[in-house]
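So the structure is just underneath, and the comments pick up after that.
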Amino acid sequence: MAYTSSPEAQQRELDELRNAVNCAVVLEKAGFRLDRQATAQRSARNLKFRRDSEAIIVNHDGKGWWDPKGDGKGDVFKLVQYLDPSKNLGHVRQELRGLIGRSPTLEVVERTKGAGDRPRRDPAELWNRRTAPGQGTAAWRYLTEIRGLPDHIVAIAGQQGALKEGPHGTAWFGHRDADGQFTGMEMRGPDYKGFSTGGIGKRLFGFRADGGEAPVTRLVVTEAAIDALSFAALDRFQLGTLYTSTGGGMSPESEVNLKRVMMQVAAQPEARLVVAVDNDLQGDRYAGKFAAMARDVGLWSGRISPKGPGEDWNAVLRTRREGMEAGSVPVAPLCRLSEVLGSGAKAQPETVSPSWLGQAEAHGTQRPPRVSDASLPASFEPVGKPARPRSGSSPGLSL
């Protein structure tokens, strides 16, 4: 391969490197090794590589990759820069030239076997053995006392089959696909945070604070299940709303599933997506991704995030609760609100006016005024009386 400086030759080299170097080879060079057990649970097209606590999935026959714990994905060039952000394109090209023609060894990662090792169990089996948290249980106290969630929100999530109590005071939040099939669970506790191993993996946690009587015309997407419950507790516009969580980083399969749910919601009149992500760089990335997905299915979307840098919705809820317990009337937590999208075949709402945020700040303790129906339907007052769940309602995400 000749390396010249002409733009045409450089582009040819980029294309050749992209096709000639397997992402698995790059990972093995960086110290990653194949996780055979995890790979066996996935499609043969996906190979999982590990390096200590890091994991990278290789797909598209070695031409692509993604990070199940983050937002990284792309081709072999992006992989090299993801592993070492200090490298520019010239450094990447130089490294890839030395890997042309090499095949991955697919050497399996060494695992230390101990007496306490147990075979992995199907997360669906573990889920079915558990029950919803009850008043006074360890998980109930964790959610209502430490996380500040209202009792009725926790009760409704449990009654809908979206929340169960795990061991050691953990709360389990079930994920399901667009057809309602159980795929795994987010697990949170005072000293634990993780997602179940085995099974299909992350799809969407979802529940209805209004009991599920009305058709879903409003989809709220958050990063964590506790944030979905927290946003519901702060939301005045619960009717017809499905509160969901992606559980953090998403696989390509999870993105396809979310798009299916968006399509189901978009079929309803006046449907909209509320992107309720954190106020940080990761939240910015998710907002852009979800906005693009909504555009593709013709669903109006808007973003709303906590005002404080780095804050999530549970932090907003707990701040409000602490203010109420201190005997002061809390100021409504103002948020950074932006219209991030409006496209597709449906008629578009008019631009969201920021004036109601200024009015709320000026009035201090007064409830923010209800904005026009065309604006993003989210506010910050705790809900009143709990809605009675519909008996026999399905916990699935199928709409």
Side-chain angles (χ1 to χ4, degrees), residues 132-133 139-160 162-165 169-175 185-190 192-193 204-211 218-239 241-248 273-280 282-283 286-287 290 302-325 330-337 367-368 376-387:
W140 182 281
R141 293 197 304 272
Y142 165 66
L143 293 173
T144 60
E145 296 175 7
I146 297 177
R147 290 295 194 159
L149 293 168
D151 289 3
H152 71 275
I153 290 290
V154 176
I156 290 173
Q159 290 163 5
Q160 292 183 6
L163 168 65
K164 297 212 175 174
E165 177 149 0
T170 57
W172 289 2
F173 305 91
H175 273 228
M185 58 268 192
E186 294 178 55
M187 300 177 288
R188 299 291 185 271
Y192 184 79
K193 176 181 178 180
L204 278 182
F205 163 81
F207 93 111
R208 296 282 301 274
D210 63 1
R218 182 167 170 262
L219 176 66
V220 174
V221 181
T222 65
E223 297 180 41
I226 288 179
D227 285 328
L229 298 175
S230 301
F231 191 93
L234 295 162
D235 190 12
R236 279 172 49 204
F237 299 89
Q238 291 185 351
L239 187 63
T241 300
L242 175 64
Y243 300 93
T244 67
S245 159
T246 64
L273 167 70
V274 178
V275 182
V277 291
D278 299 349
N279 186 358
D280 55 18
Q282 189 66 56
Y286 286 137
F290 299 157
R303 175 183 180 176
I304 188 165
S305 292
K307 184 178 180 182
E311 282 192 339
D312 58 34
W313 289 107
N314 187 245
V316 173
L317 179 67
R318 285 185 283 115
T319 298
R320 171 179 287 273
R321 172 174 171 169
E322 290 167 1
M324 295 178 70
E325 290 178 347
V331 176
L334 304 179
C335 298
R336 181 163 58 89
L337 174 64
R367 171 179 295 190
L376 183 66
S379 68
F380 316 99
E381 289 297 320
V383 298
K385 296 172 64 178

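The first residue in the sequence is number 1, and the count goes up from there.
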Test item: [X] side-chain N/O and [Y] main-chain N/O as donor-acceptor pair under 3.5 Å:
X      : Y      : result
Asp278 : Gly283 : no
Gln238 : Ala232 : yes
Glu186 : Phe173 : no
Ser245 : Ala225 : yes
Thr222 : Thr244 : yes

- Might you work through the side-chain contact (heavy atoms from CB on, under 4.5 Å) test for Ile153 and Leu143, ending with a clear yes or no? CA-CA 10 Å; Ile153 290 290; Leu143 293 173; over 6 Å; no
Practice problem: Take Val275 and Val221 through the test side-chain contact (heavy atoms from CB on, under 4.5 Å) and record every step on the way to the result. | Solution: CA-CA 5 Å; Val275 182; Val221 181; 5.7 Å; no
For [X] and [Y], work out which heavy atoms get closest and say how close.
X      : Y      : result
Arg320 : Leu234 : NE-CD2, 3.8 Å
Asn279 : Pro306 : ND2-O, 2.9 Å
Ile146 : Pro190 : CD1-CG, 4.3 Å

Derivation and outcome, side-chain contact (heavy atoms from CB on, under 4.5 Å), residues Asp312 and Glu223
CA-CA 9 Å; Asp312 58 34; Glu223 297 180 41; over 6 Å; no
At what distance, to the nearest 0.5 angstrom, does [atom1] of [X] lie from [atom2] of [Y]?
X      : Y      : atom1 : atom2 : result
Ile226 : Leu149 : CD1   : CG    : 6.5 Å
Trp140 : Asp151 : CH2   : CG    : 5.0 Å
Arg318 : Glu311 : CZ    : CD    : 9.0 Å
Leu273 : Arg303 : CG    : CZ    : 12.0 Å
Leu239 : Thr241 : CG    : OG1   : 7.0 Å
Arg147 : Arg188 : CZ    : CZ    : 8.0 Å

Checklist entry - Thinking salt bridges, do Arg218 and Asp235 make one under a 4.0 Å N-O criterion? => result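 Salt bridge between Arg218 and Asp235, a charged N being under 4.0 Å from a carboxylate O: yes.
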- Partners meeting side chain to side chain contact (heavy atoms under 4.5 Å, CB included) with Ala132 (sequence neighbours left out):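 Applying side chain to side chain contact (heavy atoms under 4.5 Å, CB included) to Ala132 gives none.
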Could you work out, with side chain to side chain contact (heavy atoms under 4.5 Å, CB included) as the rule, every residue matching Ala157, not counting sequence neighbours?
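Listed in chain order: Leu163, Phe207, Leu229.
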- Hey, can you tell me if Trp313 and Phe231 have their rings parallel, tilted or perpendicular (30° and 60° cut-offs)?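 If you compare the ring of Trp313 with that of Phe231, the planes turn out perpendicular.
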Practice item. Please list, chain by chain and in numerical order, all residues satisfying salt bridge (charged side-chain N to carboxylate O under 4.0 Å, His left out) with Arg321, sequence neighbours excluded. Key: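 Counting only residues at least two positions away or on another chain, Arg321 forms a salt bridge (charged side-chain N to carboxylate O under 4.0 Å, His left out) with Glu325.
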**Message:** Quick one, His175 with Phe205, criterion side-chain contact (heavy atoms from CB on, under 4.5 Å). Give me CA distance, side-chain angles, the key distance, then yes/no.
**Reply:** CA-CA 4 Å; His175 273 228; Phe205 163 81; 3.8 Å; yes
